[in-house]
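See structure below.
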Amino acid sequence: MRAQLARVDAVLVQALIAAALSFAHLHDIASAAGQDGWKAWAYPISVDLLLVAAWRRLRTGEAKASGWCWFVIALTASLGANVATAGLLDLGDVPAWLRILVAGWPAVAFLGGTLLAHTATPVAINDIEADNVQEDSPEPPPEMPAQPAIEAPPNRPAVPVPTALVEHARKVAAEHHTRTGTSIDTATLRARLGVPALMAEAIAARL
């Protein structure tokens, strides 16, 4: 844990040193180009903000070409100030082209920051259109599970009936018809003959 904190502290210290030196160099260039007072301090702030906006666009993974373009522009401004103040430029006699660049930088920084912060990427637009299409498309009704087929009850097996029993049943049925005037039903035939229900039905079918 301590080793990790030591590495983090070293990185933070290095970042603070680099930011302070770059900040001071940009201030010196702006001041030498005729931007006095608070304006000289505003230039390094605008460069750093443009770097942060470009870096955030690169981290999001969207429109990397635009992010890299403005990141290189801001980095060139920062590195150019560092190199120019290393003795390669006479700050007492700044050339006209550098004065023009310094004077035009606020407009460039504003344009870059606006495009990086407020421009919708094609990927995001495509995602929104895809979501709208999914919301507008009607969903098909859920399919009902297939119902199992209802099998017909199996045919009852044929019950062998002796011929003598059929003849006896006919006599019982005739006697019942003579006495009651109606045909004998299966339940009565079964009771009179004393046979199982299946056999009684088989006998009744042959009467």
Shortest non-hydrogen separation from [X] to [Y] and the atoms involved:
{"X": "V102", "Y": "A30", "result": "CG1-CA, 4.2 Å"}
{"X": "A173", "Y": "I184", "result": "CB-CG2, 3.6 Å"}
{"X": "A109", "Y": "S46", "result": "CB-CB, 4.3 Å"}
{"X": "A204", "Y": "T186", "result": "CB-OG1, 3.9 Å"}
{"X": "A40", "Y": "Q35", "result": "CB-O, 3.1 Å"}
{"X": "I203", "Y": "A169", "result": "CG2-CB, 3.4 Å"}

Any chance you could measure [X], atom [atom1], to [Y], atom [atom2], to the nearest 0.5 Å?
{"X": "L198", "Y": "R190", "atom1": "CG", "atom2": "CZ", "value": "9.0 Å"}
{"X": "S183", "Y": "L189", "atom1": "OG", "atom2": "CG", "value": "11.5 Å"}
{"X": "H168", "Y": "K171", "atom1": "NE2", "atom2": "NZ", "value": "8.5 Å"}
{"X": "L116", "Y": "F71", "atom1": "CG", "atom2": "CZ", "value": "11.5 Å"}

Mind checking whether [X] and [Y] have side chains closer than 4.5 Å, heavy atoms only?
{"X": "L58", "Y": "W70", "value": "no"}
{"X": "V172", "Y": "H176", "value": "no"}
{"X": "W105", "Y": "L50", "value": "yes"}

Honestly curious: do [X] and [Y] fall in one hydrophobic cluster under the side-chain, below-4.5 Å linking rule?
{"X": "Y43", "Y": "L111", "result": "yes"}
{"X": "L115", "Y": "F110", "result": "no"}
{"X": "V166", "Y": "L193", "result": "yes"}
{"X": "W55", "Y": "L75", "result": "yes"}

Among L26, T76, I73, V52, find the residue that satisfies the side chain to side chain contact (heavy atoms under 4.5 Å, CB included) test when tested with V47.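 That would be L26.
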
